[in-house]
Amino acid sequence: MTQLFGKPLVTQEAMRTRIKELGRDITLHYEHKDLVLVGILKGAFMFYADLARAIRLPITVDFMIVKSQQYQGKTSGKVKVLTDLTEEIKGRDVLLVEDIIDSGLTVQYLTKLFAKRKPKSLQICALLSKPARRQIDVNVHYVGFEIPNHYVVGYGLDHQQQYRNLPYLAVLDPKSVESP
Ligand code: 5GP
């Protein structure tokens with residue numbers, strides 16, 4: 001499988017180092033707070049598991065499974081919630097863990113959705129950001145890596161629900177996928 005994608009865009013080693021740093025920053029910020037770490041699935045599952053282990057605090061874990069609704073092949077900004085949280089977040093400090101911020105529409109939608117539930121605070125942590133693709137200004141508090149405008153797979157991110165288990169991040173090569 002790894003041969004389809006050539007060299008990693010972000011290696012496992014770089015991922016480990018950066019996630020440790022993010023974990024340290026988040027630990028400092030949320031000390032003595034009631035942190036609910038919310039993973040946005042499926043894309044964030046691998047990042048979430050590593051990030052949670054890098055946070056040295058007693059946290060509550062929870063997840064939301066969402067599907068971005070596409071319109072003519074593009075993110076519409078509407079998100080369908082397939083599986084909702086199990087925890088009450090009212091009055092608690094919520095950190096959303098996302099895989100990638102592209103146009104920013106998904107995270108804008110989720111921010112509004114979560115704000116309605118009246119958390120004490122709401123912040124966003126994304127493994128990746130593609131600033132060149134941004135359509136709206138979103139406030140992302142923690143970003144692992146800013147990457148160029150390529151479609152990437154691996155480390156939780158998919159192409160047609162596959163390649164999420166690639167242990168590093170790679171640029172998808174459409175030619176390889178068509179004729180493996
Ligand atoms: P946005 O709403 O910011 O445009 O898109 C966010 C969602 O689009 C992400 O959560 C992810 O599911 C998907 N996405 C955006 N860029 C990529 C990419 O390069 N690779 C993959 N696999 N998914 C992406």
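Position 1 is the first residue of the sequence; numbering continues from there. We use all heavy atoms of the structure for the numbers below, so side chains are in, but hydrogens, waters and symmetry mates are not. Both ligands and their constituent atoms are indexed starting at 1 by order of listing.
- Contact of the Leu172 side chain with the Val152 side chain is not registered, since no non-hydrogen atoms from C-beta on lie closer than 4.5 Å.
- Side-chain contact between Val38 and Leu95 is absent, with no heavy atoms from C-beta onward closer than 4.5 Å.
- Residue pairs meeting the ring-ring contact (aromatic ring centres under 6.0 Å, His included) criterion with at least one member in residues 36-62, sequence neighbours excluded, are Tyr48-Phe63.
- Of the listed residues (Leu96, Val94, Ile59, Asp62), just one forms a side-chain contact (heavy atoms from CB on, under 4.5 Å) with Leu37, and that residue is Ile59.
- Near ligand 1, residues Thr75, Glu98, Asp99, Ile100, Ile101, Asp102, Ser103, Gly104, Leu105, Thr106, Lys130, His150, Tyr151, Val152, Leu157, Asp158 each place a heavy atom inside the 4.0 Å sphere around the ligand atoms.
- Defined by atom type and a distance below 3.5 Å, a donor-acceptor pair is present between the side-chain atoms of Asp50 and Tyr155.
- Inter-residue side-chain proximity for Leu110 and Glu98 is flagged as met; some heavy-atom pair is nearer than 4.5 Å.
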